[in-house]
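Everything on this sheet refers to the single structure shown next.
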Amino acid sequence: MEYNFRNIEQKWQKTWDEKDTYKAEIDKDKPKYYVLDMFPYPSGAGLHVGHPLGYIASDIYSRYKRLNGYNVLHPMGYDAFGLPAEQYAIQTGQHPAITTDKNIKRYKEQLVKIGFSYDWDREIRTCDPDYYKWTQWVFIELFEHWFNKKTQKAEPIAELIKTFESEGNKDVDAACDETSLFTADEWKKKSEKQQQEILLNYRLAYLADTMVNWCAELGTVLANDEVKEGFSVRGGYPVVQKKMKQWSLRISAYAERLLNNLEKLEWTDSLKEIQRNWIGRSEGAEMKFKLKDSDLEMEIFTTRPDTSWGVTFMVLAPESELVPQVTTDEYKDKVDEYIKETKKRSERERLADAKTVSGQFTGGYAINPLTNQEIPIYISDYVLMGYGTGAIMAVPGHDSRDFKFARHFNLPIIQVVVKDGEEPTDPQTWDDSYDGKEGKMIHSGFINGLDVNEAIEKTIQHIEKEGIGNRKVNFRLRDAIFSRQRYWGEPFPVYFKDGIPYPVKKENLPLELPEVDAYLPTDKGEPPLGRAKDWHTEEGYPYELSTMPGFAGSSAYYLRYMDPHNNNALVSKEANEYWQDVDLYIGGTEHATGHLIYSRFWNKFLFDIGWVCKDEPFKKLINQGMIQGRSNFVYRVKGTNKFVSYNLRNEYEVTPIHADVNIVNNDILDTEAFKNWNPEYKDAEFILEDNKYVCGYAVEKMSKSLYNVVNPDDIIEQYGADTLRMYEMFLGPLEMSKPWDTNGIDGVHKFLRKFWRLFHDNDFNFSVSEDEPTEDELKILHKTIKKVTEDIERFSFNTSVSAFMICVNELTDLKCNKKAVLEPLAIILSPFAPHITEEIWSLCGNIGSITVADFPTYEEKYLVESSFEYPVSFNGKMRFKIKLPMDISAKDAEKQVLGHELAQKWIEGKTPRKVIFVPKKIINIVI
RNA sequence: GCCCAGAUGGCGGAAUUGGUAGACGCGCUGGACUUAAAAUCCAGUGGCCAUUAUGGCUGUGCGGGUUCAAGUCCCGCUCUGGGUACCA
C-alpha cells in the first residue's frame, strides 16, 4: 500500500482511545515524569497552526520519556472562564456555558487530530463546579491564614486569635497594613465586628479599600498584569485608578521567597529576569523628617541614604494624607488646583507625557535630620502613592528625575558624590545628574571621603542608632486584586453578616454560579450576580457579588491533574507525593508576570499549609516562540479593478491588499479562487508576469483580519498530522519566533513517504528482510540514534528532523530494508510521527503499541572510524582535505601534510613557521 | 529611558566546547520518465571573477581587537523583537 496517512491516522487515533494507550496511573515501580502544557482558553476561532507548537514539542518529549521507561503524566484541559464568552453572552443572550462547551468540543477535536498522547481521562475545565469547588477551597484557606514574617510562612488565623487572646498583637510580625497595638484584654473587649475587621487586615485573602485599576468598558477592576500602558490587555480599553473596596490576595508577603527561589528553577534567564523586575526588590532605608513648626513627621524611603546631604527639597505624592497638613494657607488654593489637575489626567496621559515636569510647592518645610536644614516640600505626580511611603527626599545631584524637577523649578543642586578620579564640578553646568554608585562622598559630614557603598552602610547604622530611621527592603510587587465585577467566573465562597465577610462552610462547596436574566450590571451598578435570585445563605445573608479573575482557575490546575476526580481533596496526599511537581512546563512568555507568579504563590501557600510536598510548582520551563503569519499581497491599480503582479507593480500606482494565504501557493495567486473569494473581486483582471500572478509577502501576526491564518485541520487534511507535527518542529528552534510558511511542508511530507517506502518494495508491498545489517547500515542507524537522543535532551527538535532526513536518505541510497535497522529507526521516530510509526510497528508483526517499546541506545562501537578526513588550512584558510589514520601522531601528520603535492603550492618554497595539529579537528599551517 | 533576546544565501534554518560557514528542507535552474501534467528520480544552486580540468577572490548586521584559527571571545555602534515604564 502507498502511504495513506488518512486511514492510518484515523485508525490509530481510534485504537489509542479505545485501549486507553495514554492513561497514566500511579505506578511506584516506575519513575514519574510530569509534562505540562499551558492549557488554552477555548476561543470561538479554534486553533491555528501557531497554537500547537509547544504542545507538539511537549508531546515529543512525553513520548520520548515513556520510551525510556518513565511513567509520564501528560494532561490537557481548558481555562474556560473568561471575558470573550461573556461578551458574546451580553450580545446574544446565550449562556456563556453553552458557548464555552461548544468551543471546547471543537478544541478537543482539533487536538485529537494532531495525535497528542494526552490522558484525556484527566481533562479539566475551570468552569466545571467539580473543579472550581477547589478554587473556592483554596480561597477559603487563604482567607483563614495570615503570613508570619518571623517564620516566613502562612499560619492559621485560628492560632493568631489565640495569640491575640493571650498576649495581644505586640509580638506579632505579620504581613499586613499598619495596625494599632492592643493587649489581650483590649482584644477581648472588642466586639465581634471589631475583631473581624482587625483580622481582615491579617488574612492572605482580604477585603480592603485599595487603589484599583478600573476599566469602565469591561465594567470591572483588573490586576496589574492585566493592564499595559494604561489599557486593558484584553480588549485594549482605558483603565483608570480608583479607590474601591475589593478582594485582594497578599502575594506581596511572598515577594522575598518568590524572588529567592527563582535561582533554583531551570527557567530561561530572560523569564527569571522579567519576574525579578516585576517583584522589584530594593534595599535602602526608611527615614523620618520632622516637619517645621509641628510635631508631625514625614517618612520617606530611599535606596541612597548616603546622599542625605544632597537633599534640597522633598516631594509628596498628590494623594498623600500629609498634603493638607503641610500645606500652608498661602498655597492651599494652588495645591488644591494641582491635585484637581492630576486627578483629571488619566494614567495613560500621565505616562504619555512622562517627560513633562509638573508639581507645586506646598509652603511647608521639613527638617533634614542629618543636616538640620529646612527643606521645602513639594507635591508632584512623579511620586507614586503606591510605592514606599508616597514621599521622597529629592537629591537632584544624583537622581535624574529629581534633577529634572529641580531644573524646572529652579531649585538648588548639590554634588555629594564625585566619580573616582574626577574633581567636583559646578552642578549648574550639568546636563544630567550622576546616578551611579561608584565614587566618593563630599560635602557629607561624617561620611566624607567614603565610597558610596560604605557610605550607605555607615549612614544606615547612624540613623538606626539615632532613631531617625531604619534599614528597609521594599518591593514593587503589589497585592493581587482578586475581584471582578463580571458574571463568567468563580463565585466567591463568602457571605456578609453586618458588613463583615464570612467564608462558606467547606462542606457546602461548590457555591455554584447562579442563573441571571442578563449578563450586565444591575441598575444600581452592582455586578451581574446582583441580578441572581436567592443569592444568599439559608439564613438570608447575602453572598459576594463579584467573581474571581481569570488567574484563579489556572493557579493550581497542575495539582488537580494529579488527581482530577477526587471529591474529598484538591489532590490526595498519595497522588501529590507520587507526581510531586511539573518536571517540564512549556508555554509562552506572555504569562511571565501573571499566571507564572500567581501559581508559584498559590503553590507556596499550599506548601506552607502542608497540602503539597514541593514549594515550587514548575521545575523546568521552556518558552516556545510565537508562530507569526506570512501574509500575501495583491496590488490593485488605483481606481480600477485590475491587479498587477508583484514585479510589475512599480509601473503603476497601486494599493497593496491582503489576499487570503489559502488561495496562494508559493506566492503564486490562484486567480480564479481570488475572484470567488470576495464578491468585490468577481470581475478582477490581472496583469501577469511569465503568465503568473506573483504576490508580495510580509511577516505579521497571525490574525483573521490579515487573512494569513492557517488552520491545522486543513494541513492535516492535505498532509496528515505526522507531517504537521514534524513540519512545526522543522521550522526552527522551539524558543524562537518564526513565520509560518506552508510552502516548505512538502519536504517533510516527502520524507515521511520516503520513510514509508523503505519498508515497501516497488509495488508497495510491505517487505522487510531479516538479514544481518552491514557495518555501514549500523553506522547510519547509530549515528542517528546518538544525534536524535542528544537533540531531544536539549529540546533541539528541528535538528533531529534533519537527522532523520539524512538517515532515511542514506538508507534509501543503500536500498536497506533490514528489520534490524528499520525497526529501531521507527522507535526513535515515533515521538515525532506517532501514527506512521505505530502502523509500521504493527506491520512488522509487533503486538503491543510502539509507545511502550524501548528507546534504543546507541553503541559507540558502530561509530568507530579508522581514519579522519582532515581539513588542511594555510594561515587559517581551508585549502584541501587529507585522509589520515585516527591515531596518527602530530609529527607524522605534519610530515604527511607537508609532503602532499597540493601543499607545495601554498608553501611556495618557504619554511612553514608553525604547524598546528588538532586531533580529529583540523591541521593549520602558518607560513 | 532601562533590562533581556536576536541579526548567517532568494526563504526557514545548521554549525553543541574557538577548528571545513551555509547541514537539512523550501524555492529556483537544467535533465530523465510521460502524448501531457502531477508524482518520482538525477544534477546544479551564497556572491564576484575566470572557465580548459584543476581554480581564484570574497563572504555570517557595521567598525575595531584578541588568536595559528572568530558566525562563535572582547570593545564600540546600528537595526529588529520582547519585557518594563517616573518603583525613589
Side-chain angles (χ1 to χ4, degrees), chain A residues 2 228-230 268-278 280-282 284 300-304 307 315 350-351 354-355 357 380-384 386-395 399-402 404-405 435 474-478 589-590 592-593 623 625-626 628 630 666-667 697 699 727 730-733 735-748 750-751 753-754 757 787 790-791 794 796 798-806 809 869-881 902 905 912-918 920-927:
Chain A
E2 274 198 68
K228 217 175 132 183
E229 294 179 357
T268 56
D269 289 337
S270 67
L271 187 63
K272 290 193 208 177
E273 198 59 28
I274 293 173
Q275 290 215 341
R276 268 186 214 114
N277 292 339
W278 188 259
R281 182 182 196 273
S282 50
I300 58 101
F301 173 72
T302 178
T303 55
R304 294 292 301 275
T307 59
V315 187
R350 276 186 53 193
L351 290 171
K355 285 178 200 97
V357 178
S380 172
D381 61 8
Y382 86 88
V383 174
L384 307 176
Y387 184 78
T389 59
I392 62 157
M393 62 178 209
V395 185
D399 181 287
S400 57
R401 294 153 305 177
D402 298 345
K404 285 197 194 87
F405 194 88
D435 298 4
N474 245 319
F475 292 93
R476 205 188 79 114
L477 184 71
R478 299 271 83 85
T589 354
E590 65 270 25
T593 53
N623 295 119
M626 282 221 302
Q628 296 144 316
R630 187 181 185 278
N666 280 326
D667 292 337
Y697 75 89
V699 172
Y727 185 55
F730 188 57
L731 236 32
E735 326 76 53
M736 285 215 306
S737 288
K738 57 240 155 184
W740 174 272
D741 183 356
T742 306
N743 292 331
I745 203 167
D746 280 335
V748 172
K750 261 186 226 167
F751 155 77
R753 283 213 303 264
K754 245 176 139 172
R757 229 174 293 129
K787 173 79 179 148
E790 286 169 359
D791 284 351
R794 62 191 177 101
S796 173
N798 55 328
T799 51
S800 28
V801 177
S802 300
F804 283 123
M805 287 174 170
I806 294 168
N809 288 345
E869 191 170 41
Y870 281 91
V872 181
S873 319
F874 290 82
N875 292 336
K877 282 187 179 137
M878 208 280 287
R879 296 302 179 182
F880 62 91
K881 288 176 189 172
L902 287 171
K905 180 173 165 189
R913 284 199 284 150
K914 203 171 176 186
V915 177
I916 285 128
F917 174 79
V918 186
K920 281 182 254 176
K921 285 273 157 77
I922 201 168
I923 298 163
N924 190 19
I925 295 147
V926 188
I927 304 294

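Reminder, nothing fancy here: chain letters follow the sequence lines and each chain counts from 1.
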Find the distance [X]:[atom1] to [N]:[atom2] and express it as a whole number of Å.
X	N	atom1	atom2	value
A/R630	B/rG12	CZ	C1'	10 Å
A/L384	B/rC86	CG	P	6 Å
A/N809	B/rC42	CG	P	9 Å
A/I916	B/rG18	CD1	C1'	13 Å
A/D435	B/rC3	CG	C1'	16 Å
A/Q275	B/rC4	CD	P	17 Å
A/N474	B/rA88	CG	P	8 Å
A/I300	B/rA88	CD1	P	12 Å

Mind listing the closest non-hydrogen atom pair of A/G388 and A/N474 along with its distance? CA-ND2, 3.6 Å
Phosphate OP1/OP2 of [N] contacted by [X] side-chain N/O (<4.0 Å):
X	N	answer
A/S282	B/rA88	yes
A/N277	B/rA85	no
A/K921	B/rU17	no
A/K272	B/rC4	no
A/R753	B/rU40	yes
A/R757	B/rA39	no
A/N798	B/rA14	yes

For the side chain of [X], starting at C-beta, report the closest nucleotide among [options].
X	options	answer
A/P733	B/rA14, B/rA15, B/rA88	B/rA14
A/K877	B/rU16, B/rG19, B/rU58	B/rU58
A/I392	B/rA88, B/rA69, B/rA14	B/rA88
A/I806	B/rC24, B/rC68, B/rC4	B/rC24
A/I922	B/rC24, B/rG19, B/rA14	B/rG19
A/M878	B/rC4, B/rA21, B/rG12	B/rA21
A/N924	B/rG19, B/rG25, B/rU20	B/rG19
A/I274	B/rA88, B/rG83, B/rU20	B/rG83
A/W278	B/rC24, B/rA85, B/rG13	B/rA85
A/D746	B/rA88, B/rG27, B/rG19	B/rG27

Distance criterion of 3.5 Å, no angle test: do you see the side chain of A/K787 paired donor-to-acceptor with the base of B/rU16? yes
Checking understanding here: a glycosidic angle within 90° of 0 is syn, the rest anti, so what is B/rG9? syn
Can you tell me, in whole Å, how much space there is between the [atom1] of [N] and that of [M]?
N	M	atom1	answer
B/rU29	B/rU78	P	41 Å
B/rU8	B/rA14	C1'	10 Å
B/rU34	B/rG46	C1'	35 Å
B/rG63	B/rU58	P	15 Å
B/rC75	B/rG18	P	16 Å
B/rA21	B/rA70	P	10 Å

Report the base-pairing partner of B/rU17 (Watson-Crick or G-U wobble, both distances below 3.5 angstrom), or none. none
With a 3.5 angstrom cut-off on both distances, give the Watson-Crick or G-U wobble partner of B/rU66, or none if there isn't one. none
Classify the angle between the aromatic ring planes of A/F751 and A/F804 as parallel (below 30°), tilted (30 to 60°) or perpendicular (above 60°). tilted
Looking at side-chain heavy atoms only, is the closest gap between [X] and [Y] below 4.5 Å?
X	Y	result
A/F880	A/F874	yes
A/I916	A/K921	no
A/D399	A/T307	no

Nearest-nucleotide comparison on RNA chain B, the residue closer to the 5′ end among A/S802 and A/I745: A/S802
Under the 6.0 Å and 45° cation-pi test, does A/R630 pair with A/W740? no
Please check if any side-chain donor atom of A/T799 sits under 3.5 Å from a side-chain acceptor atom of A/D791, or the reverse. yes
